S.K.: 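For reference, the structure I am asking about is given below.
Note that this is a predicted model, so its numbers are computed, not measured.
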Amino acid sequence: MSSAPLVDLLRGEVLEIAPALLGWTMLVDGVGGVIVEVEAYREDDPASHSYGGPRGRNVVMFGPPGFAYVYRSYGVHWCLNLVCEQEGTGAAVLLRALEPTHGLEEMRKRRGLDEPRLLCSGPGRLTQALGVSGEHDGLPLDAAPFSFFPPVEPVPAVATMRIGITKAVEQPWRFVAAGTRFVSRGPTG
DNA sequence: GTATTGATCTTCT
DNA sequence: GAAGATCAATACA
């Protein structure tokens, strides 16, 4: 299974995992693209859902690495995280943007858009384009419908301040692939 | 081009 | 009852 290296990677430290995820290709049911923007969250991060320990929807974040944590944002959108480190650590990486490469037509149909740039350039857009929803919460990442492929060549990561949150915004835990234009707003977007 | 607001669900107070 | 890891539409300049 091509996803084994991914689960291996996710066992490390989340602040090292996040930039290392850039350049990976992620597909859900054959539809997806290259990861170009991610954000790290930990239990000791006031902005993280895992802050304060496991309770409610966040229990998946405290499970073993290599699983998906999907939650609803503002009652409108879904957001997809990859659980990291070890069982009980409450660390995860939020996928914020992809560069669409597979299943473009399917994504355009789901998003109702023509502009490839806007198909996956944001956490909510990404999940809609890939068809990810609450049904995927807690699913293993090394089994269908998920598939991951390592970068062909290393992608330079740029660390920036975080976006869309109100606590610990100054932590440079948002990582963007250098030079891409398929990200939500920021220094390289 | 930037600024503001509505949509609508889960969790916490 | 209020806030939040968002997006898209609207109102301005």
Side-chain angles (χ1 to χ4, degrees), chain A residues 10 13-15 17-19 21-22 26 28 31-33 35-63 65 67-85 89-100 106-139 141 157-177 181-189:
Chain A
L10 294 181
E13 267 194 43
V14 68
L15 290 182
I17 296 167
L21 281 172
L22 298 177
M26 173 197 176
V28 179
V31 176
I35 300 173
V36 294
E37 183 181 357
V38 299
E39 212 165 281
Y41 286 92
R42 314 198 305 195
E43 186 181 0
D44 61 359
D45 172 8
S48 173
H49 288 173
S50 57
Y51 186 63
R55 49 176 191 266
R57 64 184 170 184
N58 73 7
V59 291
V60 176
M61 289 181 78
F62 290 88
F67 286 78
Y69 166 51
V70 183
Y71 71 95
R72 197 181 302 270
S73 170
Y74 291 87
V76 187
H77 304 286
W78 296 103
C79 293
L80 174 61
N81 298 251
L82 310 185
V83 178
C84 298
E85 299 190 358
T89 53
V93 173
L94 169 69
L95 299 186
R96 292 191 57 90
L98 301 182
E99 177 180 341
E106 189 67 27
M107 288 193 249
R108 286 177 46 179
K109 197 185 303 178
R110 285 172 181 157
R111 298 269 300 120
L113 282 176
D114 290 332
E115 188 61 54
R117 214 189 118 104
L118 299 177
L119 286 178
C120 299
S121 57
R125 295 165 170 170
L126 182 157
T127 52
Q128 186 185 0
L130 272 57
V132 171
S133 72
E135 302 172 14
H136 298 82
D137 189 34
L139 291 186
L141 297 172
V158 180
T160 74
M161 289 192 305
R162 297 194 285 183
I163 290 182
I165 54 177
T166 55
K167 299 170 186 171
V169 184
E170 72 283 356
Q171 298 284 21
W173 291 351
R174 170 179 176 249
F175 299 93
V176 180
R181 260 156 258 149
F182 290 90
V183 300
S184 49
R185 279 193 101 71
T188 60

S.K.: Ignoring the backbone of A/Arg72, work out which of C/dA5, B/dC9, B/dT8 is nearest its side chain.
M.R.: B/dC9
S.K.: Side chain of A/Arg57 only, please: which of B/dT8, C/dC7, B/dT11 is the nearest?
M.R.: B/dT11
S.K.: What is the distance, to the nearest angstrom, from the OH atom on A/Tyr69 to the C1' atom on B/dT11?
M.R.: 10 Å
S.K.: Can you tell me which residue among A/Arg174, A/Arg125, A/Arg181 is in a salt bridge (Lys or Arg N to Asp or Glu O under 4.0 Å) with A/Glu37?
M.R.: A/Arg174
S.K.: Rounding to a whole Å, what distance do you find between A/Met61:CE and C/dA5:C1'?
M.R.: 10 Å
S.K.: For A/Leu119 and C/dC7, give me the distance from atom CG to atom P, rounded to whole Å.
M.R.: 13 Å
S.K.: Represent DNA chain C in dot-bracket notation, 5' to 3'. Only Watson-Crick or G-U wobble pairs with both distances under 3.5 Å count; pseudoknot-style crossings use [ ] and interstrand partners use |.
M.R.: ||||.|||||||.
S.K.: A/His77 has an atom NE2; how far is it from atom P of C/dA9, in whole Å?
M.R.: 11 Å
S.K.: Looking at A/Thr166, I'd like to know whether one of its side-chain N or O atoms comes within less than 4.0 Å of OP1 or OP2 on C/dG4.
M.R.: yes
S.K.: Would you say the side-chain atoms of A/Arg110 and A/Gln128 include a donor-acceptor pair closer than 3.5 Å?
M.R.: no
S.K.: Looking at C/dA5 and A/Tyr71: do their rings stack (centroid distance under 5.5 Å, interplanar angle under 30°)?
M.R.: no
S.K.: Choose from C/dA5, C/dC7, C/dG4 the nucleotide whose nearest atom is closest to any side-chain atom of A/Tyr74.
M.R.: C/dG4
S.K.: Please check if the number of heavy atoms outside A/Glu135 that lie under 6.0 Å from its CD is greater than 12.
M.R.: no
S.K.: Expressed as a whole number of angstroms, how long is the span from A/Trp78:CH2 to C/dT6:C1'?
M.R.: 14 Å
S.K.: Spell out, as yes or no, whether a donor-acceptor pair under 3.5 Å connects the side chain of A/Ser73 to the backbone of A/Cys79.
M.R.: no
S.K.: Would you indicate, yes or no, if B/dC12 has its OP1 or OP2 atom less than 4.0 angstrom from a side-chain nitrogen or oxygen of A/Arg55?
M.R.: yes
S.K.: Can you tell me the distance, in whole Å, between the CG atom of A/Asp45 and the C1' atom of C/dG4?
M.R.: 14 Å
S.K.: Could you state the atom-to-atom distance from CD of A/Glu37 to C1' of C/dT6 in whole Å?
M.R.: 13 Å
S.K.: Between the side chains of A/Arg117 and A/Ser121, does any donor sit under 3.5 Å from an acceptor?
M.R.: no
S.K.: For the residue pair A/Ser48 and A/Arg42, confirm or rule out a side-chain donor-acceptor distance under 3.5 Å.
M.R.: no
S.K.: For C/dA8, does OP1 or OP2 lie under 4.0 Å from any side-chain N or O of A/Arg111?
M.R.: yes
S.K.: Look at the side chain of A/Arg162 and the backbone N and O of A/Glu39, then say whether any donor-acceptor pair between them is shorter than 3.5 Å.
M.R.: no
S.K.: Can you tell me how far C1' of C/dG4 sits from CD of A/Glu39, to the nearest Å?
M.R.: 14 Å
